[in-house]
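Predicted model only: the values in this text are computed from it and were never measured.
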Amino acid sequence: MAAPTITEIRFANNRYQAETQLNGWEGYWVAGNRSCSQVKSFVNGLFHPRHGLKEGELVSLTYRLDNGDDIDFRWYAKSNTSLDEMNFVVSIDGMSGWQPEAGAIGAQFYECTTLSQCRFYPIKIDR
């Protein structure tokens, strides 16, 4: 699975979203209520490891809008019609696009800063 491309992101019902069709992982990337502005660029993806790189939470995927605001996407399963907050557990093991977060203090996070290399393996959804 990968971060959605800029052309896959749509604005509707006061939120940004991109649909995923990966078999068994059908769902939506959703970013909160904002006024409509064009998505300009990908900023980064953020991963918090639980068991090394083999399992952890995909915290967010951040994109920058034309107006300078950043929006943070989280993934929701299609079956989660109420958009309840859940943790999207993924693996980044063997994915070269992820690096330790620069300047991190305390808990170590990993980030990807290149959209084409922001890839991960979905594992499960946790509440």
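The shortest side-chain heavy-atom distance between R74 and N87 falls under the 4.5 Å cut-off. Counting only heavy atoms from C-beta outward, the side chains of D69 and S37 never approach each other to under 4.5 Å. Two residues are said to be in side-chain contact when any heavy atoms from C-beta on lie closer than 4.5 Å; F109 and P100 fail this criterion. You'll find the side chain of P4 reaches within 4.5 Å of the side chain of L61, heavy atoms only.
Looking only at atom types and distance, the side chain of N44 has no donor-acceptor partner in the side chain of T113 under 3.5 Å away.
Applying the side-chain contact (heavy atoms from CB on, under 4.5 Å) rule to Q17 yields the partners R15, Y28, V30; only residues at least two apart in sequence or on another chain are considered. With sequence neighbours excluded, the residues that form a side-chain contact (heavy atoms from CB on, under 4.5 Å) with S41 are R64. Listed by chain and number, the residues in a salt bridge (charged side-chain N to carboxylate O under 4.0 Å, His left out) with E55 are K124 (sequence neighbours excluded). Every residue was checked against the ring pair (Phe, Tyr, Trp, His ring centres under 6.0 Å) condition with F47, not counting sequence neighbours, and none meets it. Scanning for ring pair (Phe, Tyr, Trp, His ring centres under 6.0 Å) contacts around Y110 gives an empty result, with sequence neighbours left out.
T20 pairs in a side chain to side chain donor-acceptor pair (under 3.5 Å) with only one of the listed residues (W29, Y76, W75), which is W75.
The hydrophobic cluster containing I123 also includes V89, under a criterion of side-chain heavy atoms closer than 4.5 Å among ILVMFWY residues, counted directly or through chains of members.
Relative ring orientation between F88 and W25 is described as tilted, the plane-to-plane angle lying within the 30° to 60° band.
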